[in-house]
Colleague: 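Sharing a structure, written as structure tokens. Questions coming.
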Amino acid sequence: MLTGDRGKYLGIIMGLTFASLIMTQQPAIFLGLMTRTYSFITDVSLPDIWVMDSKVQFVDDIKPLQDTELYRVRGVSGVEWATPMYKGLLRARLANGTFQSCFVVGLDDATLIGGPPIMLEGNIEDLRRSDGVVVDIDGARDKLAKPSRESGGKSVPIKVGDSLEVNDHRAVVVGIAKISRTFQAQPIIYTTYSRAKSYAPRERKLLSFILVKAKPGQDLSVLTRRIRESTGLAAYTRQEFMDLTYDYFMKNTGIPINFGISVLLGFMVGAAIAGQTFYNFTLDNLRQFGVLKAMGTSNRILLQMILLQAILVGSIGYGLGVGSTALFGYFMHDSILAFKFTWQLLIFSGVGIGLICVFAAVISILKVIRLEPAVVFKS
Amino acid sequence: MLAVRCRKIVKIYDSGGQRVTALGGIDLDIATGELMMLVGPSGCGKTTLISVIAGILDQDEGSCEVFGKDLAAMSNREKLKFRASHIGFVFQAFNLLPSLTVAENVSVPLLINGIRRAEAERKANSILEQVGLGDRTTFLPSQLSGGQQQRVAIARALIHDPGLIVCDEPTSALDHETGHTVMQLLKNTVLQSNRALVIVTHDSRIFSFADRTAEMDDGRIVKITDTSAAH
Ligand SMILES: Nc1ncnc2c1ncn2[C@@H]1O[C@H](COP(=O)(O)OP(=O)(O)OP(=O)(O)O)[C@@H](O)[C@H]1O
Ligand SMILES: [Mg+2]
């Protein structure tokens with residue numbers, strides 16, 4: 001019956017498509033952004049447990065420890081190995097004399113544990129060469145790139161063999177790495193722990209994290225508790241540390257609210273357009289409903305007819321909206337945009353569209369139930 | 001046998017505090033096999049009366065029995081079932097469902113009565129044959145002329161074999177010749193079977209089809225003329 005009025009039909013479908021697009025695409029970007037908050041943790045896959053100062057609230061909230069803490073952690077029973085990691089924001093001076101602040105990550109000199117997941121050029125072992133550093137590809141192409149000689153020309157990415165100064169110390173690029181994009185915009189420079197310490201300003205405490213591997217068969221929650229109790233430090237499994245970071249950004253930034261408002265707006269605009277048009281359609285067809293009533297159709301059947309139509313347009317709109325989101329994600333795949341499309345989002349927007357359709361159907365159904373069949377003889 | 005038996009029917013509309021007595025005590029009997037015509041000036045209560053007779057409007061006083069059943073005593077459900085099986089409707093504006101084909105439109109009363117779609121459409125096709133539209137079954141109503149649409153509506157009013165058919169101004173939207181064809185069709189259905197037919201009309205050109213004519217004025221029946229002998 002809805003197809004009898006093509007304009008309204010398209011209007012409803014468009015409203016629903018819009019709503020389901022907004023309700024999947026915005027949360028997908030949101031989830032994408034949120035995974036970036038802890039991608040530094042994800043990239044460090046080998047250790048089971050991260051140990052840090054008990055006041056640390058998220059991954060970029062560095063509260064340094066004394067080096068001696070490393071030995072105390074190594075002494076906890078159930079620890080297979082423990083390695084130090086330095087992470088800090090330092091100033092790098094580029095070839096043209098400009099400064100760029102960078103995250104410097106110092107890896108255990110002996111094992112180099114905690115390094116980037118993928119080396120694009122060079123080898124992580126090259127960090128052992130004097131003044132060796134590895135930079136991430138996005139930083140190399142963008143913030144650490146050398147400006148073009150002609151003004152307005154393309155800048156030249158920094159490459160293996162180039163040198164820069166980190167906090168007045170010479171550093172030579174020995175490798176380019178691919179890392180997961182993080183929430184922070186600064187480039188990441190990997191080097192050894194001892195070299196990172198020499199770059200960093202002299203301080204009594206420079207140890208950011210202690211990365212721990214549990215003995216085989218060791219229960220991780222038992223071990224984290226044991227580390228906490230015997231050192232007074234915070235110890236989290238990888239997942240716990242990711243959750244801590246995620247929760248911090250959820251609770252302490254405006255990001256969730258902003259996206260929540262977008263989603264709510266999409267929902268409300270979709271509900272308004274679809275509900276209104278659907279209702280108008282019902283009003284237009286009130287006489288047909290009256291005729292069916294006069295001929296003996298029960299309210300229950302009319303209700304089913306309306307619901308069926310609502311479900312039909314709902315499914316089409318939902319499919320188109322979710323499909324557009326998937327296409328959007330596909331085309332944005334290689335861009336800087338964060339995007340994470342999970343099955344939960346499908347359910348989320350499905351429920352949203354379902355609510356809109358129920359709303360649209362209910363206001364129509366109320367009208368039809370109250371309709372007196374005697375209207376059929378009115379001209 | 002009596003198809004309709006109305007006694008002292010009163011209907012008062014209350015629109016915005018203003019009370020309008022649409023029916024002021026109607027007595028009317030309609031026999032099976034009879035074509036009863038209701039005529040009278042605009043606003044005299046013709047539509048109100050057939051609405052009560054068809055069971056789509058409740059009277060305020062009096063009783064209306066259709067095939068011996070008191071409509072006022074029925075529950076809403078019973079009334080729905082009663083309408084679905086015993087009453088056929090024909091409207092001035094045809095009132096076909098625009099997005100359904102002709103055959104689908106005609107099968108609607110059977111579907112309402114719980115008959116399966118295939119069976120319903122088979123019957124629809126055969127009755128459309130009878131009204132001369134056997135070659136239009138897959139058309140949409142908008143693709144038909146007014147007279148053809150009214151014939152579809154008549155097929156729809158007949159398909160479930162109701163005992164009483166009510167028509168409000170069935171020819172007013174049609175030209176003289178088409179109106180004549182439509183009336184002939186309606187008249188035949190009454191004569192063929194033992195149905196009762198109530199037709200409200202302004203259209204003097206079709207008065208001659210009536211067996212009896214009830215003239216109404218101001219909510220009352222002022223005169224009933226028997227013209228059956230003329231046929
Ligand atoms: N729903 C309603 N609410 C209020 N008054 C109504 C309503 N329906 C009809 N009336 C009034 O009841 C009276 C009878 O109306 P009805 O429609 O039965 O007349 P009618 O004889 O069919 O007229 P017409 O020939 O113009 O169709 C009129 O005065 C009309 O204004
Ligand atoms: Mg009328």
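Keep in mind that the numbers below use all heavy atoms, side chains included, and drop hydrogens, waters and symmetry copies. Note that the structure is predicted; figures quoted are calculated from it, not measured.
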Colleague: I need the residue from B:V200, B:L100, B:T48, B:I50 with the largest number of non-hydrogen atom pairs under 4.5 Å to chain A.
Modeller: B:I50
Colleague: Mind checking the OG-CD1 spacing from A:S298 to B:I112? Nearest 0.5 Å is all I need.
Modeller: 9.0 Å
Colleague: So for atom CD, which belongs to B:Q18, do other residues, nucleotides or ligands contribute more than 12 heavy atoms lying within a distance under 6.0 Å?
Modeller: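 Counting other residues, nucleotides and ligands, CD of B:Q18 stays at 12 neighbours or fewer.
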Colleague: Quick one: pull up CG in B:L97 and CG in A:N285 and give me the separation to the nearest 0.5 Å.
Modeller: 8.5 Å
Colleague: Could you give the distance from CD (A:Q288) to OG (B:S99), rounded to the nearest 0.5 Å?
Modeller: 8.0 Å
Colleague: Does A:M14 have more than 12 heavy atoms from other residues, nucleotides or ligands lying within 6.0 Å of its CE?
Modeller: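 Atom CE in A:M14 is not packed in, count stays at 12 or less.
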Colleague: Can you see which heavy atom on B:A84 is nearest to which on A:G296, and at what distance?
Modeller: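 Looking at all heavy atoms of both residues, the closest pair is CB-CA, 4.0 Å.
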Colleague: Relative to chain A, which segment of B:L96 carries a heavy atom at a distance below 4.5 Å: side chain, backbone, both, or neither?
Modeller: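 Just its backbone gets close to chain A.
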Colleague: So if I apply the side chain to side chain contact (heavy atoms under 4.5 Å, CB included) rule between A:F377 and each of B:L57, B:V166, B:N95, which one comes out positive?
Modeller: B:V166
Colleague: Contact between A:V291 and B:F89 at the side-chain level, heavy atoms closer than 4.5 Å - yes or no?
Modeller: no
Colleague: Any chance you could measure B:N113, atom CG, to A:M295, atom CE, to the nearest 0.5 Å?
Modeller: 10.5 Å
Colleague: With a cut-off of 6.0 Å (strictly less than), are more than 12 heavy atoms of other residues, nucleotides or ligands near CD1 of A:I257?
Modeller: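 Open.
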Colleague: Take atom CG in B:N76; do more than 12 heavy atoms of anything else shown fall under 6.0 Å from it?
Modeller: no
Colleague: Nearest 0.5 Å, what's the CZ-CG distance between A:R300 and B:L80?
Modeller: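 One finds 11.0 Å between CZ of A:R300 and CG of B:L80.
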Colleague: For B:R156, is it the side chain, the backbone, both or neither that has a heavy atom under 4.5 Å from a heavy atom of chain A?
Modeller: side chain
Colleague: Decide if atom CG of B:D218 counts as having more than 12 heavy atoms of other residues, nucleotides or ligands within a radius under 6.0 Å.
Modeller: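 Result for CG/B:D218: open.
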Colleague: Is it the side chain or the backbone of B:I87 that comes within 4.5 Å of chain A heavy atoms, both, or neither?
Modeller: neither
Colleague: Would you say B:R83's side chain and A:A294's backbone share a donor-acceptor pair under 3.5 angstrom?
Modeller: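 Side chain of B:R83 to backbone of A:A294: a pair is present.
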Colleague: Quick check on A:R141: does its CZ atom have over 12 non-hydrogen neighbours (other residues, nucleotides or ligands) under 6.0 Å away?
Modeller: no
Colleague: Got a sec: does the CZ of B:R117 have more than 12 other heavy atoms crowding it under 6.0 Å?
Modeller: no
Colleague: Looking only at heavy atoms, what is the nearest atom pair of A:L292 and B:V108, with distance?
Modeller: CD2-CG1, 3.7 Å
